[in-house]
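Below is one structure, written out as structure tokens; the observations come after it.
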There are 2 protein chains.
Amino acid sequence: MELLQLRYFHEVAQTQHMTNSAKRLGVAQPALTQAIRRLEGELDAKLFERAGRNIRLTPCGEALEAKVAPLLAAFDEIPLAIAQAKGQERDTVRIDVEAATSMTVDAIAVFRATVPQAAFVINQANSEARWDVRVRTVTPGGGGKPDARTSQVFRERICLAIPKEQAKGKSVCLADFADAPFVCLAGTRGFRGVCDELCLKAGFAPNVVFESDSPDVVRKFIALGLGVGFWPERSWGALEGSDVVLVPIADPGFARDIVVETAKHPFGQKAAEFHALLLEFIRRRMGEADS
Amino acid sequence: MELLQLRYFHEVAQTQHMTNSAKRLGVAQPALTQAIRRLEGELDAKLFERAGRNIRLTPCGEALEAKVAPLLAAFDEIPLAIAQAKGQERDTVRIDVEAATSMTVDAIAVFRATVPQAAFVINQANSEARWDVRVRTVTPGGGGKPDARTSQVFRERICLAIPKEQAKGKSVCLADFADAPFVCLAGTRGFRGVCDELCLKAGFAPNVVFESDSPDVVRKFIALGLGVGFWPERSWGALEGSDVVLVPIADPGFARDIVVETAKHPFGQKAAEFHALLLEFIRRRMGEADS
DNA sequence: CATTATTACGAATAACGTAACGATG
DNA sequence: CATCGTTACGTTATTCGTAATAATG
């Protein structure tokens, strides 16, 4: 049961005339007859019957025509739908955000104010899905391979958020917090993964008393003084609560790289524009930039 | 854009895996790749893109899948729909009724009481449409060719309906009604055609003062005594009104044949049963039967 | 006898399968 | 190096078109 046969059938069902339909279809009459015959054989039902010199739909043929007509119309819409999808895609930006979420959504808000017709599809660390722009975080020296893709790296220090009264100098040593309660993000990738990796290198094992997969919750716990926690210097914004301060860590290597990647080949015009804006946006907020 | 290509595409879109899909489809992997490539070429859009070792739907591919999936499901229903139509047709009787309408519908009522699941499709003298049973009327000797099809003929006299006081004998001569007002059916086929033909043969020209395409209206006019009119002896039933009588016509040839035909080949079981009942029904009402 | 649908047969097109290749983790 | 997708090429199968045949009014 091929699509061409059904198109032929539909045409003949409308005109109830082989010769005329053959002309309109641009094929020879025998080809039409054969195609109809094949269809009848596959469906095991007579679709037309002779009525004098002409032919006429059988009841089965009428049933088939009722089924087929709307389907063929739907098929003819497919190329249009594809073209629309292709056109729409030019204004769609697909983002895979694994870090720096708040900065990214802020950038999106700014972008949409400038380009209202832009559409966004945002996944969180779902590497299966397609993405035009991706924001990840890696350890500075570590396995973070910048990849063959165009990428841009911003480095920032990882600080420790501690109660104000414990802040004695310009920086702190982790060893002083061997027994302190830690509040951490949950999960293995992103910021948590970087912190775990760095602690491992420094030979330090934080006493994690509370975890959450929401940075906002972690922020609140730290702000309430319930524990200390790692905190990126800038990208997460200032900590609320006046009795908590952010101090650099004296131990070496406590920093992270935020990597902004763009898909290799095909990404729409608006994705490129957004990428440029996102880089500028992050650069301004971070105050420092490295490639 | 062939149906097979779309089936292949649908399968691959679901698994996002060429090799597995090829196995499930029972074709070689290269054939799958080629089919997808052809489809992409026709639609002028990339449908899949490489994601590492595997492949992934592009946005256009997702749009196509959304369009195609329900259509393929609908196509798979076609054979079932045809089978249903074929089965249902066994209990459907298609009738083309050009004469003896009241008797036919009475027969249908009787038949349905016996076989409730039977369905009827009734057209009035629409020879284009398909019919299993056909009821026509022809002049006895005339061009009415009983056809190669199985047919059954019932002959009845055509009488004249006249006011009772004018009825002087057992029959009347048309010449006596040369100036009488006639009430006739409109149209050229059926009973009217037979009457016109017979009058022409008899060298008689009725003075038609009123025509209607509805036998019921004609019946009323005659019953009210507004004119005289031709009336089949039995098949239209008795005339209402006690001051009108039905008298035979002395002029020769005033009769009509009611022809019941059955379609040559394919008509369902119930159509055959109804045909038998209709013949018996008419035979009983007419009192006389000829083949 | 003119028109319409069907059958027969040769030719062209397109799909498939095997094998070799390229890419990727 | 093992797996997956792609390209190359020879083979097979299906479909189409021309011509001849049958049926119908």
Side-chain angles (χ1 to χ4, degrees), chain A residues 1-9 11-42 46-58 61 127-128 130 143-149 263-266, chain B residues 1-9 11-43 46-58 61 127-128 130 143-149 261 263-266:
Chain A
M1 188 172 63
E2 281 307 316
L3 200 54
L4 192 61
Q5 295 174 345
L6 294 175
R7 289 194 187 280
Y8 285 180
F9 166 78
E11 168 61 36
V12 179
Q14 284 183 321
T15 65
Q16 313 248 342
H17 199 287
M18 284 281 186
T19 304
N20 293 354
S21 291
K23 287 177 185 172
R24 294 181 54 178
L25 291 169
V27 296
Q29 293 95 339
L32 245 188
T33 299
Q34 291 168 357
I36 299 290
R37 279 281 180 276
R38 282 194 295 270
L39 191 58
E40 287 179 335
E42 292 177 14
K46 288 180 194 169
L47 300 174
F48 294 96
E49 59 187 356
R50 299 205 59 146
R53 281 207 288 206
N54 296 347
I55 54 176
R56 196 176 48 215
L57 271 177
T58 63
S127 60
E128 298 302 316
R130 193 190 199 287
K145 44 181 174 181
D147 230 341
R149 305 178 185 91
K264 280 171 283 191
H265 292 314
Chain B
M1 188 174 61
E2 282 307 317
L3 200 54
L4 191 61
Q5 295 174 347
L6 294 175
R7 289 194 186 280
Y8 285 1
F9 166 79
E11 168 61 35
V12 179
Q14 284 183 322
T15 65
Q16 313 249 342
H17 200 286
M18 284 280 186
T19 304
N20 293 353
S21 291
K23 287 177 184 172
R24 293 181 54 177
L25 291 169
V27 295
Q29 293 95 339
L32 244 187
T33 299
Q34 292 168 357
I36 299 290
R37 280 280 180 276
R38 280 193 298 269
L39 191 60
E40 286 179 335
E42 293 177 17
L43 295 175
K46 288 181 193 169
L47 300 174
F48 293 96
E49 60 185 356
R50 301 206 57 146
R53 281 208 288 205
N54 296 349
I55 55 176
R56 194 175 50 212
L57 271 177
T58 63
S127 60
E128 297 303 317
R130 193 190 199 285
K145 43 181 173 180
D147 230 342
R149 302 180 186 90
E261 295 166 299
K264 281 171 283 191
H265 291 316

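Letters go in sequence order (proteins before strands), and every chain restarts at 1.
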Which part of the nucleic acid does [X] contact within heavy-atom distance under 4.0 Å: base, sugar-phosphate only, or nothing?
| X | result |
| --- | --- |
| A/F48 | nothing |
| A/A31 | sugar-phosphate |
| A/L32 | nothing |
| B/T33 | base |

### Query
Taking the nucleotide of DNA chain D with the closest heavy atom to each, which residue, B/Q34 or B/H17, is nearer the 5' end?
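Looking at DNA chain D, the more 5' nearest nucleotide goes with B/H17.
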### Contact nearer the 5' end of DNA chain D, comparing A/E42 with B/M18
B/M18
### Message
Under a 3.5 Å distance rule, please check whether A/E42 uses its side chain to pair with a backbone N or O of A/M1 as donor and acceptor.
### Response
yes
### Message
Treating B/E2 as the side-chain partner and A/E2 as the backbone partner, does any N or O pair qualify as donor plus acceptor under 3.5 Å?
### Response
no
### Task
Compute the bend angle of the helix from C/dC1-D/dG25 to C/dG25-D/dC1 from the end axes (five pairs per end), rounded to 10°.
30°
### Query
Relative to the 5' end of DNA chain C, which residue comes earlier, B/P30 or B/L4, by the nucleotide with the nearest heavy atom?
B/L4
#### Entry: Candidates C/dC16, C/dT7, D/dT24 - which lies nearest the side chain of A/R53
D/dT24
### Contacts of B/Q34 that satisfy side-chain contact (heavy atoms from CB on, under 4.5 Å) - sequence neighbours left out
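Per chain and number, B/Q34 pairs via side-chain contact (heavy atoms from CB on, under 4.5 Å) with B/R38.
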